[in-house]
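Residue numbers count from 1 along this sequence.
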Amino acid sequence: MIPTYSCNSLDEFALRHLLLSRACVQATSEELKSSYRRLCMLYHPDKHRDPELKRQAEQLFNLVHQAYEVLSDPQSRAIYDIYGKRGLEVEGWEVVERKRTPAEIREEFVRLQRERDERRLQQRTNPKGTISVGVDATDLFDRYEEDFEDASSGGFPQVEINKMHISQSIEAPLTAKDTAVLSGSLSTHNGSGGGSISLVLRRVTSIKGWGEVEFGAGDMQGPLFGMKVFRNLTPRCFASAQCGVQFSSRGVRPSVTTLFARHLDNNTVGYLQWRWGTQSSMNTSIVRDTKSSHFTFALQLGVLHSFVMMSYQYKFQDEDQTKVKGTVKYVSGFFGTVVEYGVERKISQHSILGATVSIGVPQGVSLKLKLNRASQTYFFPIHLTDQLLPSAVFYATVGPLVFYLAIQRLIIWPYTRAQKEQDLEKQRESAALDINRKKQEAESAILLMQESVRRIIEAEESKMGLIILNAWYGKFVTNNRRQERAKVIDVTVPLQCLVKDSKLILTEASKVGLPGFYDPCVGEEKSLKLLYQFRGLMHQVLSGDMEPLRIPKQSERDIDADM
């Protein structure tokens with residue numbers, strides 16, 4: 001009995017069938033038409049007399065026709081070449097101008113994705129929180145600098161938590177333009193503390209700007225009323241203005257803050273800020289952010305203190321998004337000079353861990369640990385010493401590195417491996433029905449290929465051309481992993497069907513979409529292994545799933561020419 005299957009409109013099978021049966025993804029319209037005609041001849045229902053084969057051929061023929069309609073349209077073709085089937089499923093392409101370059105289409109895709117994500121975000125709250133725990137560990141180092149008689153008292157060094165801060169906020173979309181933000185915070189320092197709560201009502205007035213009103217109260221400062229507006233002045237400039245009134249036992253304290261910013265180029269923004277109130281100041285800064293680095297220079301002149309600050313961050317182009325940063329800040333008055341250096345690294349899909357060493361005069365040496373987990377931030381500033389001690393700098397630098405390596409090997413790596421195995425198992429379970437359907441599609445396609453493959457083999461044998469003897473696709477077992485089971489499928493017939501003029505050419509894309517193929521091991525690394533005959537000689541090749549393939553190789557053709 002011939003297996004049956006149900007097909008979806010614009011199936012990935014048909015799209016890949018058209019694309020990967022050609023020598024190059026960037027094929028011309030004539031090459032696309034040639035591939036389309038070839039597939040129509042292969043799957044045309046009138047070429048099959050058996051009722052079941054005829055029905056299978058009709059379904060595949062319709063899929064190929066739908067795929068050709070997509071790929072023959074310049075805009076749909078460009079979208080598919082860049083993003084595949086998922087790009088065609090994004091809503092909004094119907095209102096996009098059709099004369100677009102691939103770069104412009106990529107920008108439109110990002111914009112449409114962002115708008116879709118924003119619509120989803122409007123349907124739920126967006127909680128954000130910060131927990132900061134300050135640790136006083138000066139007794140670890142400063143106690144050894146005291147007189148001998150004081151240090152001889154013995155006992156363990158005292159490490160204390162001297163301050164804490166907790167803040168949390170949630171957003172509640174009221175309408176398409178209005179959002180309410182409720183936030184609160186609690187702080188304590190050396191046994192005394194307080195808290196505050198605020199409500200912000202924000203309205204998007206246009207695509208160029210928004211405004212908000214804030215109401216707040218606290219047990220330390222009293223009621224607060226504030227307003228803020230933001231507006232894009234030009235495509236390269238934007239400005240914001242904020243004013244507030246704080247009521248306290250000392251009277252009314254008004255404040256005003258204005259900000260003007262301009263994009264100096266695609267990666268650089270300049271800021272000018274003026275603040276009037278209890279901490280009046282003027283600030284100017286330049287921020288340059290690229291794919292590989294982040295640079296900030298800031299200068300502030302203020303009533304309480306002024307400073308010059310320069311910061312540089314290098315971004316490694318690795319999977320863990322590692323960042324190394326360094327900062328130099330000179331503050332006039334009591335605070336002196338501060339030098340900071342640190343590193344930040346992604347430890348899981350939603351978590352980023354960072355460590356920063358701060359060395360200053362007269363602040364001493366501090367270690368700052370930060371963990372970002374989704375929208376939550378956990379911050380642990382650890383004050384090590386009030387003096388510039390080389391030992392404190394050494395331990396602040398080496399200690400977190402050793403601790404991170406130990407945690408990574410003992411906890412993070414085992415956890416991520418277990419998590420990946422669980423995700424892979426869930427992926428297999430969710431894809432089971434889809435894989436079964438694609439397996440049936442592949443088996444049906446192979447049945448329809450038999451007659452064409454027979455003619456291709458006869459033609460290749462007559463000229464001692466390219467004959468695929470055996471071909472397997474999937475996960476192969478190596479000597480180091482003998483306990484694992486190979487998960488491969490036989491793809492001899494589908495690859496022989498793609499042989500043309502004694503050549504087989506596959507593009508740089510996953511082979512899972514080729515006609516007659518399906519995924520035998522979802523989520524695992526796959527390869528393609530071939531045993532073929534060319535000019536009477538046997539050859540074998542192993543190719544990665546995403547690697548392009550061209551056989552016979554040039555060296556094999558050269559040998560044939562010499563003979």
Side-chain angles (χ1 to χ4, degrees), residues 128 130 132 134 162-167 169 181 183-190 192-200 202 211-231 238-262 269-287 296-311 327-340 356 358 360-364 366 368 370 377 379 381 383 386:
K128 296 180 181 179
T130 301
S132 177
N162 59 356
K163 56 183 176 180
M164 292 186 64
H165 176 80
I166 301 175
S167 63
S169 68
V181 182
S183 60
S185 64
L186 292 172
S187 300
T188 177
H189 182 67
N190 291 331
S192 62
S196 64
I197 188 171
S198 67
L199 173 64
V200 175
R202 182 182 302 132
E212 65 182 29
V213 178
E214 179 181 5
F215 304 92
D219 58 354
M220 299 293 291
Q221 298 294 333
L224 167 70
F225 173 78
M227 298 180 62
K228 183 177 181 179
V229 293
F230 173 90
R231 185 170 181 82
F238 63 89
S240 68
Q242 182 177 4
C243 62
V245 179
Q246 180 77 61
F247 300 90
S248 66
S249 58
R250 299 182 180 180
V252 179
R253 295 183 177 182
S255 63
V256 177
T257 301
T258 60
L259 174 69
F260 175 80
R262 177 179 174 82
V269 182
Y271 297 89
L272 288 173
Q273 185 183 65
W274 174 73
R275 179 182 298 145
W276 174 83
T278 56
Q279 297 182 356
S280 299
S281 64
M282 293 186 65
N283 181 291
T284 180
S285 60
I286 296 176
V287 178
T296 302
F297 176 81
L299 171 64
Q300 177 173 302
L301 300 176
V303 174
L304 294 181
H305 63 272
S306 302
F307 67 82
V308 178
M309 187 269 289
M310 183 171 63
S311 175
T327 302
V328 178
K329 183 176 182 180
Y330 172 75
V331 184
S332 65
F334 174 75
F335 294 98
T337 303
V338 178
V339 177
E340 293 185 347
T356 302
S358 179
V361 178
Q363 294 94 332
S366 297
K368 302 175 183 178
K370 184 172 69 172
T377 301
F379 186 54
H383 189 199
D386 292 325

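Lys163 pairs by the side-chain contact (heavy atoms from CB on, under 4.5 Å) definition with His189, not counting sequence neighbours. Qualifying side chain to side chain donor-acceptor pair (under 3.5 Å) partners for Glu214, counting only residues two or more places apart in sequence or in other chains: none. Every residue was checked against the salt bridge (Lys or Arg N to Asp or Glu O under 4.0 Å) condition with Arg275, not counting sequence neighbours, and none meets it. Here Phe238 pairs with Phe230 under the ring pair (Phe, Tyr, Trp, His ring centres under 6.0 Å) rule; sequence neighbours left out. With sequence neighbours left out, Lys368 forms a salt bridge (Lys or Arg N to Asp or Glu O under 4.0 Å) with Glu340. For Ser311, the side chain to side chain donor-acceptor pair (under 3.5 Å) partners at least two apart in sequence or on another chain are Thr327. Annotation: side-chain contact (heavy atoms from CB on, under 4.5 Å) contacts of Phe225 (sequence neighbours excluded): Val213, Phe215, Met227. For Leu186, there are no side-chain contact (heavy atoms from CB on, under 4.5 Å) partners at least two apart in sequence or on another chain. Take Ser240 and apply the side chain to side chain donor-acceptor pair (under 3.5 Å) test, not counting sequence neighbours, and it matches no residue. Listed by chain and number, the residues in a side-chain contact (heavy atoms from CB on, under 4.5 Å) with Val229 are Ala241 (sequence neighbours excluded). Remark: Ser183 engages Ser198 in a side chain to side chain donor-acceptor pair (under 3.5 Å) (not counting sequence neighbours).
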**Study point:** Evaluation steps, side chain to side chain contact (heavy atoms under 4.5 Å, CB included), between Val245 and Leu224
**Key:** CA-CA 6 Å; Val245 179; Leu224 167 70; 5.9 Å; no

Requested in this report: For Val181 and Arg202, run side chain to side chain contact (heavy atoms under 4.5 Å, CB included): C-alpha distance rounded to whole Å, both residues' side-chain angles, the deciding distance at 0.1 Å, then the answer.
Outcome: CA-CA 8 Å; Val181 182; Arg202 182 182 302 132; 4.1 Å; yes

Item to complete: Could you please spell out the steps behind the side chain to side chain donor-acceptor pair (under 3.5 Å) verdict for Ser196 and Ser185?
Response: CA-CA 5 Å; Ser196 64; Ser185 64; 3.0 Å; yes

message = I'd like to know whether Lys370 forms a side chain to side chain contact (heavy atoms under 4.5 Å, CB included) with Thr377, so could you lay out the CA-CA distance, the side-chain angles of the two residues, the decisive distance to 0.1 Å, and finally the verdict.
response = CA-CA 7 Å; Lys370 184 172 69 172; Thr377 301; 4.0 Å; yes

For Trp274 and Asn283: C-alpha separation, side-chain torsions, deciding distance, then whether side chain to side chain contact (heavy atoms under 4.5 Å, CB included) applies.
CA-CA 6 Å; Trp274 174 73; Asn283 181 291; over 6 Å; no

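Inter-residue side-chain proximity for Ser358 and Val338 is flagged as met; some heavy-atom pair is nearer than 4.5 Å. Side-chain contact between Trp276 and Thr258 is absent, with no heavy atoms from C-beta onward closer than 4.5 Å. Contact check for Val361 versus Thr337: no side-chain heavy atoms found under the 4.5 Å cut-off. Two residues are said to be in side-chain contact when any heavy atoms from C-beta on lie closer than 4.5 Å; Gln242 and Val256 fail this criterion. The side-chain heavy atoms of Pro254 and Cys243, taken from C-beta on, include no pair separated by under 4.5 Å.
The two residues Gln246 and Pro223 come nearest to each other via the heavy atoms NE2-O, 3.2 Å.
Summarising the geometry, atom CZ belonging to Phe379 is positioned 10.5 Å from atom OG1 belonging to Thr130; distances are rounded to the nearest 0.5 Å. Atoms CD1 and CE, on Ile286 and Met310 in that order, are 12.5 Å from each other to the nearest 0.5 Å. Rounding to the nearest 0.5 Å places CG of Leu272 at 7.5 Å from CE of Met282. Distance CD/Gln273 to OG/Ser281: 6.5 Å, rounded to 0.5 Å. How far CG of Leu259 is from NZ of Lys228: 8.0 Å, rounded to the nearest 0.5 Å. One distance of note links OG1 of Thr296 with CE of Met309; it measures 6.0 Å at 0.5 Å rounding.
Annotation: cation-pi geometry satisfied between Lys329 and Phe307 (NZ/CZ under 6.0 angstrom from ring centroid, within 45° of ring axis).
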